[in-house]
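Everything on this sheet refers to the single structure shown next.
Side chains included, hydrogens not; waters and symmetry mates left out as well; all remaining heavy atoms used. Reminder, nothing fancy here: chain letters follow the sequence lines and each chain counts from 1.
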4 protein chains.
Amino acid sequence: MWLSIDPRSAKPVYQQVVDGVKEAVAKGLLGHGDRMPSVRELAAEMTINHNTVARAYQELERDHIIEVVRGHGTFIAASRPRPDHEDRVRELSGRIRELLIEAHHLQLTDQDLLNLFRSTAEEWHRERRRVQR
Amino acid sequence: MWLSIDPRSAKPVYQQVVDGVKEAVAKGLLGHGDRMPSVRELAAEMTINHNTVARAYQELERDHIIEVVRGHGTFIAASRPRPDHEDRVRELSGRIRELLIEAHHLQLTDQDLLNLFRSTAEEWHRERRRVQR
Amino acid sequence: MWLSIDPRSAKPVYQQVVDGVKEAVAKGLLGHGDRMPSVRELAAEMTINHNTVARAYQELERDHIIEVVRGHGTFIAASRPRPDHEDRVRELSGRIRELLIEAHHLQLTDQDLLNLFRSTAEEWHRERRRVQR
Amino acid sequence: MWLSIDPRSAKPVYQQVVDGVKEAVAKGLLGHGDRMPSVRELAAEMTINHNTVARAYQELERDHIIEVVRGHGTFIAASRPRPDHEDRVRELSGRIRELLIEAHHLQLTDQDLLNLFRSTAEEWHRERRRVQR
DNA sequence: GTGGTCTAGACCACC
DNA sequence: GTGGTCTAGACCACC
């Protein structure tokens, strides 16, 4: 299964579902046109409440990650440039800013953080390649 | 003032205070030995409750960002290595991983993200230098 | 009930809750996976404010004694090694040092104190065995 | 000087003075008949408030560690068996009990704690011998 | 129903 | 004057 839920995490369960789907898509485990499990199927498989899954799907639809086709089911959407692209890049930049502050308090230099960035990216791509085989 | 509070933000007010102090320290606006406003002063200035400020100060003391001198006031602590340093670096790596996923959905390449990282860091340091003068 | 609160004690109420839970876990009255009373239940039972219990639970969660499952309840966590283990052992050593000084003023020899240590430990384990049955 | 004060400590300053005097006596740095600095002298030397020292001296007098001779000064008292000896031993036992609980959560066995006790006692006596020479 | 946050106002220990 | 604790009561997100 491309999703795992930790009910003890501080991250809300619905957010874990949203992030899990986004991660699976980014890894290529789910791609354009793939059928998603129904809200109730996924809820049963993860042993979580179906309302929680429904909320996650709503969020994913708003983000154009999935598409709901009435009477047919839910599918992974085609990835395409988003109208609010600039806003999102700005938001990403804000999160990088937070990393810089956190790194400062961990007494990491920018170079340390850059190295951590590089090694995390490499690890991430290794993982991607592994799951796709 | 080195702090601003947005009562409509999704981020809890006490967390905004914590993050605001950490940012001011990282920028060099506050440094070792500087006196912090008293709990009640800061509460009045930000028009928030003194309990909210007290909670933020307690969190900052636990994180060794500030030091409380009973009956005298609160001061910025000397920065020093933390015992759970490795845990925190791992957590930082997790947040970088989330950025990589988000970047994928924005159709940014790793190189794009690296460039964003670099420009954000530059901007951050420009800001730091500006406020320190 | 595995907890009792003395409102006249010099020890803060929230700290009494924290220590009471830690003692119950050490005694085996509470173990991994056991459900804790909800914040409001415990507050009602002890006739203290729910905020006070909430503060204690937050402290216990930070110490990895309990785990909060959002919207479901609070459970005793599995015990596991802590990253700041060495700091805590050093702190324990400091407390032993204080006992040695106190013992000196009570004109107890080190051997007396060692004997007191042994008899207290035996009594503690007897109590543990009794409550577990 | 046989006393050092850390204003940043969580321990109240007056308590640090009390404990510091008790430690100096236990180490043999101060002994029966030795003259204590006056409240104002000690306050000046430690750069703390004289009311704080006065409170510490009151506590030390109540504990029969020091004796105030009107018009002459303050002196270290002769150590002698105390009427509430049993109460104090019971209190000591309570503190040992707390150590046992803390040790449990640090996953130390009773034997580990006993070893820590022994090594702390050895270190303490080494320190005593060193300062007495 | 679960815990998390916040305000308002009180009282306390410490310095 | 400083921070720490507690109550009472409200509102919120999550499940």
Side-chain angles (χ1 to χ4, degrees), chain A residues 5 7 9-17 43 46-56, chain B residues 5 7-17 35-43 46-61 66-75, chain C residues 5 7-17 35-43 46-61 66-75, chain D residues 5 7 9-17 43 46-56:
Chain A
I5 297 295
S9 163
K11 194 192 272 189
V13 176
Y14 85 90
Q15 191 66 54
Q16 292 184 52
V17 176
M46 298 286 107
T47 56
I48 57 182
N49 193 289
H50 64 87
N51 292 316
T52 305
V53 179
R55 169 155 184 199
Chain B
I5 296 296
R8 270 150 303 145
S9 162
K11 195 191 271 187
V13 175
Y14 82 90
Q15 192 65 53
Q16 292 182 53
V17 176
R35 187 198 198 93
M36 295 283 291
S38 83
V39 163
R40 279 158 171 89
E41 268 169 27
L42 191 58
M46 298 287 110
T47 54
I48 57 181
N49 193 276
H50 64 90
N51 282 316
T52 304
V53 178
R55 172 161 183 194
Y57 276 24
Q58 278 168 29
E59 196 124 326
L60 285 163
E61 196 185 15
I66 64 177
E67 274 168 350
V68 172
V69 184
R70 298 287 195 100
H72 280 297
T74 300
F75 303 85
Chain C
I5 296 296
R8 269 150 305 145
S9 162
K11 195 191 272 189
V13 176
Y14 82 90
Q15 191 66 53
Q16 293 183 52
V17 175
R35 185 199 199 91
M36 296 284 289
S38 82
V39 163
R40 279 160 173 87
E41 268 169 26
L42 191 57
M46 299 287 110
T47 55
I48 56 180
N49 192 275
H50 65 88
N51 282 316
T52 304
V53 178
R55 173 162 181 193
Y57 276 24
Q58 278 168 32
E59 197 125 326
L60 286 163
E61 195 186 15
I66 64 177
E67 275 168 350
V68 172
V69 184
R70 299 289 194 97
H72 281 294
T74 300
F75 303 85
Chain D
I5 297 295
S9 162
K11 195 192 272 189
V13 175
Y14 84 91
Q15 191 65 54
Q16 292 183 52
V17 175
M46 297 287 108
T47 56
I48 57 182
N49 194 289
H50 64 90
N51 292 315
T52 304
V53 178
R55 169 155 184 197

Subject >> Counterpart residues, side-chain contact (heavy atoms from CB on, under 4.5 Å), relative to C/A43 (two or more places apart) >> reply: C/H50, C/V53
**OP:** Measure the distance from CD1 on C/I66 to P on E/dT2 and round it to the nearest whole Å.
**Re:** 14 Å
Subject >> Residues forming a side-chain hydrogen bond (donor to acceptor under 3.5 Å, both in side chains) with A/R55, sequence neighbours excluded >> reply: A/Y14
**OP:** Let me know the distance between CD1 of B/I5 and C1' of E/dC6, rounded to the nearest Å.
**Re:** 13 Å
**OP:** Please name all residues satisfying salt bridge (Lys or Arg N to Asp or Glu O under 4.0 Å) with B/K11, sequence neighbours left out, ordered by chain then number.
**Re:** B/D19
**OP:** Go along nucleotides 8-15 of chain F 5' to 3' and tag each nucleotide: B for a protein heavy atom under 4.0 Å from its base, S when only backbone or sugar atoms are that close, - otherwise.
**Re:** BBBB--BS
Subject >> side-chain contact (heavy atoms from CB on, under 4.5 Å) partners for C/N51, two or more places apart >> reply: C/N49
Original post:
Looking at residues at least two apart in the chain, or sitting in another chain, which of them share a salt bridge (Lys or Arg N to Asp or Glu O under 4.0 Å) with B/E59?
Top reply: B/R62
**OP:** Please state whether the phosphate of F/dG3, meaning OP1 or OP2, lies under 4.0 angstrom from any side-chain nitrogen or oxygen of B/S38.
**Re:** yes
**OP:** Flag the pair B/T74 / B/L60 as yes when at least one side-chain heavy-atom distance between them is below 4.5 Å, and no otherwise.
**Re:** no
**OP:** Compare side-chain N and O positions of C/Q58 against OP1 and OP2 of E/dG4 and report whether any pair is under 4.0 Å apart.
**Re:** yes
**OP:** Identify all stems in which DNA chain E takes part, counting only runs of at least 3 consecutive pairs (Watson-Crick or G-U wobble, each distance under 3.5 Å), and give each as one range with another, ordered by first number.
**Re:** E:1-14 with F:1-14
Subject >> Counterpart residues, salt bridge (Lys or Arg N to Asp or Glu O under 4.0 Å), relative to B/E41 (two or more places apart) >> reply: none
**OP:** Under the side-chain hydrogen bond (donor to acceptor under 3.5 Å, both in side chains) rule, collect the residues that match up with B/Q16, sequence neighbours excluded.
**Re:** none
